[in-house]
Amino acid sequence: MVRDEELVIRPIESRDLDRLWELMYKDEAPEFKKWHAPYFEHRAQTYEVYCQNAGEHVGRDDMWVIEVDGTRLWNGFLLL
């Protein structure tokens with residue numbers, strides 16, 4: 001985990017899953033896809049479908065959340 005006064009970068013926790021679905025899978029054309037690798041196909045998912053596998057992301061060392069002032073903004077892969 002990385003922390004300063006306003007910024008936290010940490011592994012995904014179960015409390016993050018609802019917000020991550022909203023940011024990544026709720027919409028057909030989410031905002032992040034404007035800048036994210038266009039060669040990766042994106043498909044919206046219902047919340048029910050997302051929840052079937054979302055728990056696999058909790059606590060992993062290679063998938064983290066970026067939080068600013070307590071607001072979860074993004075998740076990403078930690079590239080080693």
Side-chain angles (χ1 to χ4, degrees):
M1 178 186 308
V2 177
R3 177 186 296 270
D4 74 6
E5 293 180 26
E6 300 171 354
L7 176 75
V8 176
I9 303 173
R10 60 173 174 72
I12 295 172
E13 299 172 358
S14 56
R15 67 185 175 108
D16 301 318
L17 296 178
D18 291 347
R19 179 68 176 141
L20 294 176
W21 172 75
E22 289 176 5
L23 290 170
M24 296 172 45
Y25 296 109
K26 183 177 180 179
D27 299 321
E28 281 294 326
E31 185 74 17
F32 81 90
K33 281 305 286 180
K34 292 180 182 176
W35 301 276
H36 189 258
Y39 38 84
F40 290 125
E41 182 180 5
H42 178 270
R43 291 189 182 160
Q45 294 181 7
T46 64
Y47 185 72
E48 292 75 21
V49 169
Y50 168 76
C51 286
Q52 291 174 5
N53 298 314
E56 296 174 7
H57 304 303
V58 174
R60 288 178 49 168
D61 289 335
D62 62 345
M63 295 183 77
W64 291 43
V65 166
I66 299 170
E67 201 176 279
V68 177
D69 288 332
T71 301
R72 287 173 298 283
L73 299 175
W74 185 242
N75 76 307
F77 297 93
L78 177 64
L79 301 176
L80 301 175

Which residues pass the side chain to side chain donor-acceptor pair (under 3.5 Å) test with D27, sequence neighbours left out? none
Would you please name every residue forming a side-chain contact (heavy atoms from CB on, under 4.5 Å) with N53, sequence neighbours left out? E56
Would Y47 and K26 count as a side chain to side chain contact (heavy atoms under 4.5 Å, CB included) here? Give the steps. CA-CA 7 Å; Y47 185 72; K26 183 177 180 179; over 6 Å; no
State which residues pass salt bridge (charged side-chain N to carboxylate O under 4.0 Å, His left out) with E13; sequence neighbours excluded, sorted by chain then number. R10, R15
Side chain to side chain contact (heavy atoms under 4.5 Å, CB included) between R60 and I12, worked out: CA-CA 7 Å; R60 288 178 49 168; I12 295 172; over 6 Å; no
Side chain to side chain contact (heavy atoms under 4.5 Å, CB included) evaluation trace for V2 with L7: CA-CA 8 Å; V2 177; L7 176 75; 5.6 Å; no
Same cluster or not: are V65 and V8 linked, directly or through other Ile, Leu, Val, Met, Phe, Trp or Tyr residues, by side-chain heavy atoms under 4.5 angstrom apart? no
Hydrophobic clusters join Ile, Leu, Val, Met, Phe, Trp and Tyr when side-chain heavy atoms are under 4.5 Å apart, directly or via other members; which others share one with V49? none
Separation between CD (E67) and CG (D16), nearest 0.5 Å, reads 7.0 Å
Give a yes or no answer on whether the side chain of Y50 reaches the backbone of L20 with a donor-acceptor pair at less than 3.5 Å. no
Got a sec, which residues hit side chain to side chain donor-acceptor pair (under 3.5 Å) with R43, two or more places apart in sequence or on another chain? E41
E6: partners by side-chain contact (heavy atoms from CB on, under 4.5 Å), with sequence neighbours left out: D4, D69
Least distance between heavy atoms, M24 atom then P30 atom: O-CG, 3.9 Å
The criterion is side chain to side chain donor-acceptor pair (under 3.5 Å); which residues satisfy it with Q45, sequence neighbours excluded? none
